[in-house]
Amino acid sequence: MSNMFDANKIKKDFPILNDPKFNEGLVYLDNAATSQKPQQVINAVSDYYSHHNANVHRGIYELSERATNMYEDSRAKVAKFISAKHPEEIIFTKGVTESINRVAFCWVIQHVKAGDMIMAMESDHHSNLIPWQQVAERTGAKLEVLQVDEKGEISLEQIKQKFDELAGKIKIVAISHASNVLGTIFPVKEICKLAKEAGAVVSVDGAQAIPHMKVNVESLGCDFYSFSGHKMLAPTGIGVLWERKELLQEMIPYEYGGGMIGEVKTHTSTWGEIPQRFEAGTPNIEGAVGLSAAIDYLEGIGMENVRKHEIELTTYALEKLGEIEGLTILGPQEAEKRSGLVSFIIKKIHPHDIAAILSQKGIAVRSGQHCTMPLHDRLGISASVRASFYIYNTKEDVDKLIHELKEAKKLLS
Ligand code: C6P
């Protein structure tokens, strides 16, 4: 790892992690839900409101042009960050949930008919399952769900077999890049290749991948890629849908109104250029500005260093958690196969009790079903505890977690 990477130094940039209110320091391990924000991002948003605030794409006065430039610069920065060919392929949304709904209801619903197949994953977040259930219900298409094996992985053999079985019928494959519970990083590139051979398009939920690793949408070979800014240091309420340019022309607008039109007559209207056509109304300008600052921050560290740090931390966490009697880790045992999160259960102790006790010690973990009810059903568990790491977490954070887990176990068993 680059000598420059120092999680303790990074931590200093995050005001909430240094808030004296948390006497012994906040151990924030709920990064898969949302990340904390560095001062640089907070400053960028504050600076925007203090010096550049105006509506975008509407005024010809200097301030409005400046705000428009900042908004569009952010789009270009996002495009470069994910190696998209064209900035127009970036549509700002409020987050991955909206992005996936747009794919489902602005593109897929027009291209599937009764009898077609939609392939989704049982282990996925509800945001990448329910929209597909809805499209199937409304079109008469059939939803085919892929299941993970006992290790929390999915074999390419299984997928290939499905494609062979259902050749010509599968129109869309909706997968996640990384699971928010199992941590599994799925073989997106290989799945895209198989899907292409079968004539299907691929939509990827990148919520748990993009904050943690370098993503190149072109080399993955997918057609749609969705992510949220708030899990990668940016403000809430800003997200991205990347879509291959050829498909954008076939997409219908999601919302109608100001900012997305060509010409409006009393009874008919035409639509403006891409991507404005897909961003009706005043957009989340400060969110885009914050996202741009977040990308600068992450690139300053280097995504390869982010990934290496998380592998190191996850390896350590897997080892230490594995030593706790009665604790079962969900998902792959190898850190390289995961993003930086570990979910687990402890025999005879409810996950909410564990999370509540850890909270009293200043440790924030998530407990529950993490918006993946079908996965929990399949694993035969009612809930789980999840510790998820990011750039500011350290081995000391993991040590505190382990220590307090052992204490909680003594108290609760
Ligand atoms: N998962 C978690 O604690 P939004 O809420 O739109 O930003 O992201 C939805 C979403 C979609 N896909 C995956 C894989 C996700 O992990 C999430 C958000 C959070 O796991 C909140 S439920």
Side-chain angles (χ1 to χ4, degrees), residues 28-37 78 91-105 120-134 145-146 148 152 154 173-186 188 191 202-213 215 222 224-242 254 284 287-288 290-291 294 310 330-331 338-344 351-352 355 358-359 364-376 379 383-390 393:
Y28 185 75
L29 300 177
D30 196 18
N31 294 286
T34 198
S35 72
Q36 296 302 343
K37 320 300 171 200
V78 171
I91 298 169
F92 285 124
T93 64
K94 72 178 162 65
V96 68
T97 303
E98 183 187 336
S99 300
I100 293 171
N101 274 277
R102 283 184 181 225
V103 177
F105 295 104
M121 286 170 70
E122 186 189 43
S123 55
D124 267 5
H125 191 279
H126 297 162
S127 292
N128 199 27
L129 183 61
I130 304 171
W132 307 115
Q133 293 173 348
Q134 284 294 308
V145 288
L146 292 168
V148 289
I154 221 155
V173 180
I175 49 172
S176 61
H177 200 159
S179 160
N180 69 322
V181 176
L182 304 164
T184 319
I185 298 171
F186 295 106
V188 172
I191 295 174
V202 182
S203 166
V204 182
D205 172 349
Q208 299 294 346
I210 207 131
H212 309 287
M213 62 190 80
V215 170
C222 57
F224 307 92
Y225 196 98
S226 303
F227 60 96
S228 295
H230 70 93
K231 294 187 202 286
M232 52 176 286
L233 312 179
T236 45
I238 187 80
V240 169
L241 167 60
W242 168 82
Y254 186 62
N284 182 353
L291 178 57
E310 288 184 19
L330 310 181
R338 303 171 153 265
S339 70
L341 66 87
V342 186
S343 301
F344 56 89
H352 286 334
L358 293 180
S359 171
V365 294
R366 188 169 171 190
S367 61
Q369 294 172 327
H370 321 294
C371 299
T372 59
M373 284 192 193
L375 173 65
H376 279 76
L379 296 173
S384 54
V385 183
R386 182 186 68 191
S388 50
F389 312 117
Y390 210 19
N393 291 121

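Order of listing sets the numbers, starting from 1, for every ligand and every atom in it. These numbers were taken from a predicted model, which means no experiment stands behind them. Values below: every heavy atom of this structure, side chains too, minus hydrogens, waters and symmetry copies.
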* Report yes or no: does Ser228 contribute a side-chain atom to a donor-acceptor pair with the main-chain N or O of Val96 at less than 3.5 Å? => yes

* Asked: Quick one: does Ser35's side chain have a donor or acceptor within less than 3.5 Å of a partner on His230's backbone?
  -> yes

* Contact residues of ligand 1 (heavy atom under 4.0 Å), by chain and number -> Ala32, Ala33, Val96, Thr97, His125, Ser127, Asn180, Asp205, Ala207, Gln208, Ser228, His230, Lys231, Arg366, Cys371, Arg386

* Side-chain heavy-atom pair Phe186, Ser179 within 4.5 angstrom cut-off -> yes

* Asked: Under a 4.5 Å cut-off applied to non-hydrogen side-chain atoms, are Leu29 and Leu358 in contact?
  -> no

* To do: Report the distance from atom CD of Gln208 to atom CG of Asn31, rounding to the nearest 0.5 Å.
  => 9.5 Å

* Asked: Among all residues two or more places apart in sequence or in another chain, which pass the side-chain contact (heavy atoms from CB on, under 4.5 Å) test with Ala288?
  -> Tyr71, Ser74, Phe92, Ile238

